[in-house]
Amino acid sequence: LLAAYRLYLRWGTRSGPGGAARQGEAAALPRMKRRDFSLEQLREFDGARNPRILLAVNGKVFDVTKGSKFYGPEGPYGIFAGRDASRGLATFCLDKDALRDEYDDLSDLNAVQMESVREWEMQFKEKYDYVGRLLKPGEEPSEYTDEEDTKDHTKQE
């Protein structure tokens, strides 16, 4: 399962039944402006309430909408949509038990699991747009300029 998922991240999606329509819908969405998210704000972007799908890995929020076949409500990794996926990815767990409803500082993960989280973060950075940070409780969002936003997006492409 993990190997297949890593191949997906590396080589992209193939449209299956209904996948092309959903991917077309995703392509029609404008690029998201950079902003930071609380856990509550992130949950709105689960592919059901909002067509855009975001998830967080290691404190960074990524727009995974173009992977809606995988992260959408019926997708095999849909459990991560609108959530912090760090713990689930670190422990290779796709159960609700791997998701926290409050901010997860990951402090109880061991060194191997933390290294895995960092590797996942790098893979998401290569494949998807980074759209902001996941805020800790009480942390204030950053103010991003249009110039920073454009520079970061073109750097990724």
Side-chain angles (χ1 to χ4, degrees), residues 1-6 8-10 13 22 25-26 29-153 155-156:
L1 181 65
L2 178 62
Y5 185 64
R6 284 193 169 154
Y8 155 72
L9 282 176
R10 189 167 302 255
T13 62
R22 193 174 285 240
E25 183 180 310
L29 291 173
R31 179 167 271 171
M32 186 171 213
K33 284 198 171 276
R34 180 74 44 94
R35 62 175 269 211
D36 296 336
F37 299 83
S38 67
L39 272 176
E40 186 176 307
Q41 291 167 329
L42 183 63
R43 285 195 191 105
E44 296 172 23
F45 297 94
D46 62 0
R49 291 175 267 193
N50 187 315
R52 191 176 305 272
I53 304 169
L54 305 181
L55 64 77
V57 179
N58 203 24
K60 306 210 175 34
V61 179
F62 296 94
D63 184 342
V64 298
T65 307
K66 68 182 181 181
S68 61
K69 177 179 173 185
F70 293 89
Y71 299 106
E74 291 88 38
Y77 308 104
I79 193 167
F80 294 145
R83 307 295 299 254
D84 181 356
S86 304
R87 181 170 297 275
L89 294 170
T91 59
F92 308 112
C93 182
L94 295 175
D95 292 338
K96 268 244 190 257
D97 297 342
L99 301 173
R100 302 280 168 95
D101 287 327
E102 67 281 337
Y103 184 84
D104 188 356
D105 67 8
L106 307 174
S107 60
D108 61 322
L109 297 182
N110 65 39
V112 171
Q113 291 168 328
M114 282 308 299
E115 180 59 27
S116 180
V117 169
R118 286 188 285 277
E119 287 176 14
W120 282 110
E121 176 190 338
M122 293 308 296
Q123 289 192 39
F124 275 89
K125 231 179 220 176
E126 288 175 20
K127 177 82 179 157
Y128 298 108
D129 286 336
Y130 166 74
V131 295
R133 295 179 306 122
L134 182 62
L135 297 170
K136 298 174 184 172
E139 188 176 14
E140 291 295 318
S142 300
E143 294 285 332
Y144 295 100
T145 65
D146 287 343
E147 184 179 301
E148 284 176 310
D149 190 48
T150 304
K151 179 182 72 174
D152 287 343
H153 281 309
K155 186 172 70 176
Q156 277 191 321

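All values below were derived from every heavy atom in this structure, side-chain atoms included, with hydrogens, water molecules and symmetry-related copies excluded. No experiment lies behind these values; they were computed from the predicted model shown.
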Do the side-chain N and O atoms of D63 and Y130 include a donor-acceptor pair separated by under 3.5 angstrom? no
Can you find a pair of side-chain heavy atoms, one from D84 and one from L55, that are under 4.5 Å apart? no
Which heavy atom of Y144 sits nearest to which heavy atom of R133, and what is that distance? OH-NE, 3.9 Å
Relative to F45, does R52 satisfy both conditions: NZ or CZ under 6.0 angstrom from the six-membered ring centre, and within 45 degrees of the ring's axis? no
Quick one: CG on L109 to CE on M114, what's the gap to the nearest 0.5 Å? 6.0 Å
Using side-chain contact (heavy atoms from CB on, under 4.5 Å), reason through L135 and F37 one step at a time and then give a plain yes or no. CA-CA 6 Å; L135 297 170; F37 299 83; 5.9 Å; no
Between the main-chain N or O of L39 and the side-chain N or O of R83, is there a donor-acceptor pair closer than 3.5 Å? no
If every non-hydrogen atom of S116 is compared with every non-hydrogen atom of F92, which pair is closest and at what distance? OG-CZ, 3.9 Å
CG of D46 to CD1 of I53, rounded to nearest 0.5 Å, is 8.0 Å
Report yes or no: does D129 contribute a side-chain atom to a donor-acceptor pair with the main-chain N or O of V131 at less than 3.5 Å? no
Main chain of D97, side chain of D95: is a donor-acceptor contact present, judged purely on distance under 3.5 Å? no
Is a side-chain N or O of T91 found less than 3.5 angstrom from the main chain of R87, in a donor-acceptor match? yes
Under 3.5 Å: donor-acceptor pair, side chain of Q41, backbone of S38: yes
Is there a side-chain contact between L134 and K60 in this structure, where contact means two heavy atoms from C-beta onward sitting under 4.5 Å apart? no
Charged N-O contact under 4.0 Å between E74 and K69: no
So which heavy atom on A98 is nearest to which on G88, and how close? CB-CA, 3.6 Å
Is the closest side-chain heavy-atom distance between F80 and L89 below 4.5 Å? yes
Any side-chain heavy atom of Y77 within less than 4.5 Å of one from L94? yes
Take N58 and S86, measure what side chain to side chain donor-acceptor pair (under 3.5 Å) needs, and give me the verdict at the end. CA-CA 6 Å; N58 203 24; S86 304; 5.5 Å; no
Tell me whether R43 contacts the main-chain N or O of D101 through its side chain, where contact means a donor paired with an acceptor under 3.5 Å. yes
From R34 CZ over to S142 OG, what is the distance, rounded to the nearest 0.5 angstrom? 10.0 Å
Checking E139 side chain against K136 main chain: does a donor-acceptor pair fall under 3.5 Å? yes
